[in-house]
*Asks:* 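Sharing a structure with you now.
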Protein chains: 2
Amino acid sequence: MQVPRAAASRPLGKGEIPEATVARLPVYLRVLSALADSDVGTVSSEALAAAAGVGSAKLRKDLSHLGSYGTRGVGYDVEYLVYQISRALGLTQHYRVAIIGVGNLGHALANYAGFATRGFRIAALVDADPARVGEEIVGLEIRHLDELEVVIKEHEISIGVIATPAGAAQDVCDRLVACGVTSVLNFAPTVLAVPEAVDVRKVDLSIELQILAFHEQRKAAGIHAEPGAAVPDDVRSAGAAS
Amino acid sequence: MQVPRAAASRPLGKGEIPEATVARLPVYLRVLSALADSDVGTVSSEALAAAAGVGSAKLRKDLSHLGSYGTRGVGYDVEYLVYQISRALGLTQHYRVAIIGVGNLGHALANYAGFATRGFRIAALVDADPARVGEEIVGLEIRHLDELEVVIKEHEISIGVIATPAGAAQDVCDRLVACGVTSVLNFAPTVLAVPEAVDVRKVDLSIELQILAFHEQRKAAGIHAEPGAAVPDDVRSAGAAS
DNA sequence: AGCTCTTTGTGCATACGTTCACAAGCGTCG
DNA sequence: CGACGCTTGTGAACGTATGCACAAAGAGCT
C-alpha cells in the first residue's frame, strides 16, 4: 500500500480493520446514504454489494470487521449501518481541512460540494502568489504561504491538502508536519517524504492515466495475438544504450 | 483491486506484470525522468527505491518483471530503464483523451500540464451546459454533450475522463462504452457499472479524505488509550432502530 | 588471471486479500 | 409449534504481495 502503517508488526491485531476494507467503507457509505435518501429501510448484502460494485462475500467480510450488525434472513438496517460505518471511519468528529495551493486544481477542490457533506470543513486556503492572496473563494479569504504556520494553528487544521506545483510540495509538506499535521492528501506529482507517524495519500492523475494505458495496450495486443506468445522482446539497443 | 481484471483466472500467467507492480511503475518512471534531466547516468536499486518511497527489494522485484535490465555491481542505466518502463506501460504509443464535463475540475484537468508530457493528448472537451459550449480552453473548443458520439469517433478517443456531476456519470459512461472506449477515468463520486472488457479507475477526493480520517482517528485514540482496550462498543440503539 | 567489492535477481517465508461454500440464526408461514 | 426459506457471518482454500537474505554476476584493481 501507500500509507506507511504506523507500528505494523504483529499479524493484524484482533480489533483492527484491514486497510483494503477501510478503502471500501466510504463507497458503501455513499451507496447507503443514497439508499437512505430513497427511504429504503434495509438492504441485503447482495443488493448493497451490487450497488457498490463488489462481490457480496467481500462486502459481508468487510462489514464483519466492524461488528455483527445485520440480521440473518433480512439484511442490514440502512440507517444503522450508515451510523456504524461513519463511526468506524471516525466521521463522528469533524475535521478541518486546509488547501495549500489555489491554482486551477485548488479552486476546483475548494468548490467541490461533496467535500463538506461528510464531516469535512475547508477551514483555510493558502497560496504563494501575492496576486491571489486576499481573493475570496467559498467565503474564505486566501492567505499567504508565509502565514502557513499561523493559519494552521489558528484554525486547528488536522488535514492538509497539497495542491501546489511539484516543486513546492515537499517544502509545504515539511512545514505542515512541523505544525503537527499528521494527515496529508497530496495532489502534486511528487513522492513526499514524511516521518513514520504521518499518513500521506496521493492522488495522481498522470499515474492513473498510465495505468489505464497499460491495460489499454494489453487489450490491444490481445486482439492481434491472443495465444500466449508474448510481444517480441525487443533487442537491447532501441533508443538508449549510452 | 478496483479494475476488474479481464480474464483473471489462472494464477498470473508467466509473462504477466502484477497489478501492484503496474501501479508503481509510473512512479519509478517519474523519478527516473527527473534523474535523466539531472544527467544522472545510472542508479542503484537502493537510490531509486529511496527516491520512489519504496523498499529496494520491492523495486528490484518490480523491475524484474519487465526483464533483466540492470547490471550487477553497477545499477540501472537511467535512460534505458525509462525506455523499458515506458514500453511496458504502453507509452510508446500515444493516447487521445476526452474530458467530459468542463466545470471547475474539468478546467483544472484540461490545464494540467503534466498531462501531455507522457504520451497523452487531450483531444476533446465536452460539456452539457450550452453556456460553456464554444468556449476555448487549451486551444480546444468545448463541444456539446449531444455531439459526444461524433466527437469520440472524430478524434479517435481511447481514454475518456469523466468529470461530470455524479448524476450524469453513468449515462456518459454508457455512451462512451457504446462508442468503443474501453478505458475510463472517473472523477465523479459514483460507482460506474461497465462491461467486463472496460477498465475503470476512479479518483475520489471524498473517499481519500475519509480514509485519512480513519487513520487520524486511530492515531488520536492511541494517545488516550494505548493498551489494546478497544473503544467502548456502543449499545445498539444510537440513532436508528426503525 | 585472480581477488574483492558492489549490486542485481530471486527462492523462500510470511502476511494480506479474495473467494467459495456452508452452518448458524432469524423471520414467516402453514 | 415446527418446518422452511432466506441471509448473514465465517472457516478454509487459494491467490497475490511483501520482505529477507543470499547466490550469481559484473566491474575494477593488483
*Asks:* Quick check on DNA chain D: between B:Thr21 and A:Gly75, whose nearest nucleotide comes earlier from the 5' end?
*Replies:* A:Gly75
*Asks:* OP1 or OP2 of C:dG9 less than 4.0 angstrom from a side-chain nitrogen or oxygen of B:Ser68, does that happen here?
*Replies:* yes
*Asks:* From CZ of B:Arg60 over to P of D:dA23, roughly how many Å is that when rounded to an integer?
*Replies:* 15 Å
*Asks:* Within this structure, what is the NE2-to-P distance between B:His65 and C:dG9, rounded to whole angstrom?
*Replies:* 12 Å
*Asks:* Check whether B:Gln170 reaches the backbone of B:Ala193 with its side chain - one donor and one acceptor, N or O, closer than 3.5 Å.
*Replies:* yes
*Asks:* Without decimals, in angstroms, what is the distance between A:Asp77 CG and D:dT7 C1'?
*Replies:* 15 Å
*Asks:* Please check: side-chain N/O of B:Gln217 versus main-chain N/O of A:Arg87, any donor-acceptor pairing under 3.5 Å?
*Replies:* yes
*Asks:* For the pair made of OH in B:Tyr28 and P in C:dT8, what is the distance, rounded to whole Å?
*Replies:* 13 Å
*Asks:* Rounding to a whole Å, what distance do you find between A:Leu63:CG and D:dT7:P?
*Replies:* 16 Å
*Asks:* Any ion pair linking A:Arg218 and B:Glu16 (charged N to carboxylate O, less than 4.0 Å)?
*Replies:* yes
*Asks:* Starting the side chain at C-beta, find the nucleotide from D:dT18, D:dT10, D:dA21 nearest to B:Ala57.
*Replies:* D:dA21
*Asks:* Are A:Ser45 and D:dT8 close enough that a side-chain N or O sits under 4.0 Å from OP1 or OP2?
*Replies:* yes
*Asks:* Go through C:dT10, C:dT8, C:dG17 for me and flag the one nearest to the A:Pro18 side chain.
*Replies:* C:dG17
*Asks:* Could you work out which one of D:dG26, C:dC26, C:dG17 sits closest to the side chain of A:Arg72?
*Replies:* C:dC26
*Asks:* Measure from the side-chain heavy atoms of B:Tyr76 and tell me the nearest of C:dT8, D:dA27, D:dT8.
*Replies:* C:dT8
*Asks:* Given atom CD of A:Glu19 and atom P of C:dG17, what is their separation to the nearest angstrom?
*Replies:* 8 Å
*Asks:* On the side chain of A:Lys61, is there an atom forming a donor-acceptor pair with the base of D:dT10 - under 3.5 Å, no angle test?
*Replies:* no
*Asks:* Rounded to whole angstrom units, what separation is found between the CG atom of A:Leu81 and the P atom of D:dG9?
*Replies:* 9 Å
*Asks:* Under the ring-ring contact (aromatic ring centres under 6.0 Å, His included) rule, what do B:Tyr69 and B:Tyr80 come out as? Steps first, then yes or no, please.
*Replies:* CA-CA 8 Å; B:Tyr69 317 120; B:Tyr80 183 59; 5.5 Å; yes
*Asks:* Among the candidates D:dC20, D:dT10, D:dA27, find the nucleotide nearest to the side-chain atoms of B:Val74.
*Replies:* D:dA27
*Asks:* Could you check which of C:dT8, D:dG26, C:dG27 has an atom nearest any side-chain atom of B:Thr71?
*Replies:* D:dG26
*Asks:* B:Leu59 has an atom CG; how far is it from atom P of D:dC20, in whole Å?
*Replies:* 14 Å
*Asks:* Could you tell me whether the phosphate oxygens of D:dT18, OP1 or OP2, come under 4.0 Å of any side-chain nitrogen or oxygen in B:Arg24?
*Replies:* yes
*Asks:* Any side-chain donor-acceptor pair under 3.5 Å between A:Arg118 and A:Ser86?
*Replies:* no
